[in-house]
Amino acid sequence: MMTIDDLIEAVIVREGGYVDDPADRGGATRWGITETVARQHGYAGQMRAFPRDEAAAIYRRLYWLRPRFDAVATRAPALAAELFDTGVNMGPAVAVGFLQRALNALNRGARDYPDLARDGAIGPRTLAALDALLAHRGRSGEAVLVKAIEALQGERYLHLAETRPANEAFVYGWLANRIG
């Protein structure tokens, strides 16, 4: 099982060093952290020199602890890893929305647990629904949730490319490196 430190290291390696692709709306990034996010967290220097340890701290705080993926990890570590990676790439609220949507689709018409509001936040109801699904389906429930989130992620990538042609430059890499 991968720890959060392992997950952060994998993201940093995958995202690489400094990038400033004019087709990317995120602008200048280093270690996958955009300049906007770095500035919001007190970094004032050049993005080319943005420290790796600051990137790791931001990943832990904003993309693991704040969205409560740590609470998911105690129940379903592979699911938490997928949510973390999806959250890094698309935003934590999007990743949580995918989870809530999948949980709603898998509750057998609300017989296993009530439908969730798709609010993009992990709270007691989302965790209770996850617990109920895992109790009913076991470990295979976690694997199915991961597949559902990856399917929703893939659909979103295709939609992004269809609605903004400049995103076509990224869709192959997104699909190759973020799904599966």
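Side chains included, hydrogens not; waters and symmetry mates left out as well; all remaining heavy atoms used.
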Open item on the list: Do I179 and W174 have side chains that approach each other closer than 4.5 Å (heavy atoms only, starting at C-beta)?
Closed with: no
- [ ] Measure across M47 and I33 and return the closest heavy-atom pair with its distance rounded to 0.1 Å.
- [x] CE-O, 3.4 Å
Open item on the list: Working to the nearest 0.5 angstrom, can you tell me the gap between F69 CZ and W64 CH2?
Closed with: 8.5 Å
Task: Note, D21 side chain near F170 side chain (heavy atom, < 4.5 Å) - done: yes
Open item on the list: Is there a continuous path of hydrophobic side-chain contacts, each under 4.5 Å between heavy atoms, that joins Y63 to L65?
Closed with: yes
- [ ] Answer yes or no: is there a side-chain heavy-atom contact under 4.5 Å between D112 and L133?
- [x] no
Open item on the list: Can you confirm whether T29 sits close enough to Y18 that some side-chain heavy atom of one is under 4.5 Å from a side-chain heavy atom of the other?
Closed with: no
Open item on the list: Would you say that R101 contacts L116 through its side chain, given a criterion of any heavy-atom pair below 4.5 Å between the two side chains?
Closed with: no
Task: Transitive ILVMFWY side-chain link I12 to V19, under 4.5 Å - done: no
Task: From I149 atom CD1 to R156 atom CZ, the distance as rounded to the nearest 0.5 Å - done: 13.5 Å
- [ ] Step through the shown structure and confirm whether more than 12 heavy atoms of other residues, nucleotides or ligands are within 6.0 Å of CD on Q46.
- [x] no
- [ ] Test side-chain contact (heavy atoms from CB on, under 4.5 Å) on L127 and R68 and set out the steps.
- [x] CA-CA 10 Å; L127 292 173; R68 302 198 59 208; 3.7 Å; yes
Check residues 53-60 and write down every donor-acceptor pair under 3.5 Å in which the side-chain atom is one partner and the other belongs to a residue at least two apart or another chain.
from : atom 1 : to  : atom 2 : distance (Å)
Y59  : OH     : W31 : O      : 2.6
R60  : NH2    : D5  : OD1    : 2.2

Open item on the list: I'd like to know if the side chain of N167 pairs up with that of R164 as donor and acceptor (distance under 3.5 Å, no hydrogens or angles considered).
Closed with: yes
- [ ] State whether a side-chain donor-acceptor pair under 3.5 Å links N89 with Y157.
- [x] yes
Open item on the list: Please find the pair of heavy atoms, one from P67 and one from R61, that lie closest to each other, and give the distance.
Closed with: CD-O, 4.5 Å
Task: Rounded distance (nearest 0.5 Å) linking atom CD of E35 with atom CG of D20 - done: 8.0 Å
Task: Atom pair CD/CG of E155 and L160 - distance to nearest 0.5 Å - done: 9.0 Å
Open item on the list: Could you report the tightest heavy-atom contact between G87 and A95, atom names first, then the distance?
Closed with: N-CB, 3.7 Å
TODO: Without swapping roles, check the side chain of R75 against the backbone of A71 for a donor-acceptor pair under 3.5 Å.
DONE: yes
TODO: To the nearest 0.5 Å, tell me how far Q153 CD sits from L83 CG.
DONE: 10.0 Å
Open item on the list: I'd like to know if R139 pairs up with E142 as an ion pair, taking the criterion as any Lys NZ or Arg NE/NH1/NH2 lying under 4.0 Å from an Asp or Glu carboxylate oxygen.
Closed with: yes
Open item on the list: Less than 4.5 Å apart, side chain to side chain, heavy atoms only: is that true for P92 and R66?
Closed with: no
- [ ] Spell out, yes or no, whether L134 and V72 are grouped together once hydrophobic residues are joined by side-chain heavy atoms under 4.5 Å, including indirect joins.
- [x] yes
Open item on the list: Counting only heavy atoms from other residues, nucleotides and ligands, does the tally under 6.0 Å from NE2 of H41 exceed 12?
Closed with: yes
- [ ] Check the side chains of Q100 and T126 for a donor-acceptor pair under 3.5 angstrom, ignoring hydrogens and angles.
- [x] yes
Task: side-chain contact (heavy atoms from CB on, under 4.5 Å) between L145 and L130, intermediate numbers included - done: CA-CA 10 Å; L145 280 171; L130 176 58; 3.6 Å; yes
Open item on the list: Working note: T3 + D6, criterion side chain to side chain donor-acceptor pair (under 3.5 Å); need CA distance, chi angles, decisive distance, verdict.
Closed with: CA-CA 5 Å; T3 67; D6 297 331; 3.3 Å; yes
Open item on the list: Are more than 12 heavy atoms, taken from residues, nucleotides or ligands other than R108, located less than 6.0 Å from that residue's CZ atom?
Closed with: yes
Open item on the list: Has N104 got a side-chain atom pairing as donor or acceptor with D115's backbone, closer than 3.5 angstrom?
Closed with: no
Open item on the list: Looking only at side-chain N and O atoms, does T86 offer a donor or acceptor that is under 3.5 Å from a partner on E82?
Closed with: yes
Task: Pair Y113-D131, side-chain contact (heavy atoms from CB on, under 4.5 Å): steps then yes or no - done: CA-CA 10 Å; Y113 48 87; D131 289 341; over 6 Å; no
Task: Single-linkage hydrophobic cluster F98~L62, side-chain heavy atoms < 4.5 angstrom - done: yes
- [ ] With the side chain counted from C-beta on, respond yes when Y43 and P51 share a heavy-atom pair under 4.5 Å apart, and no when they do not.
- [x] yes
Task: From CA spacing to verdict: salt bridge (charged side-chain N to carboxylate O under 4.0 Å, His left out), D85, R14 - done: CA-CA 11 Å; D85 187 66; R14 184 172 42 254; 2.3 Å; yes
- [ ] Can you measure from CZ (R118) to CG (L103) and round to the nearest 0.5 angstrom?
- [x] 11.5 Å
TODO: Start with the C-alpha distance between V94 and L152, add both sets of side-chain angles, then the distance that settles side-chain contact (heavy atoms from CB on, under 4.5 Å), and finish with yes or no.
DONE: CA-CA 10 Å; V94 172; L152 292 167; over 6 Å; no
TODO: Of all the heavy-atom pairs spanning P114 and A110, show the shortest one and how long it is.
DONE: CA-CB, 4.4 Å
- [ ] Would you check if E9 and R52 make a side-chain contact, meaning some heavy-atom pair closer than 4.5 Å?
- [x] yes
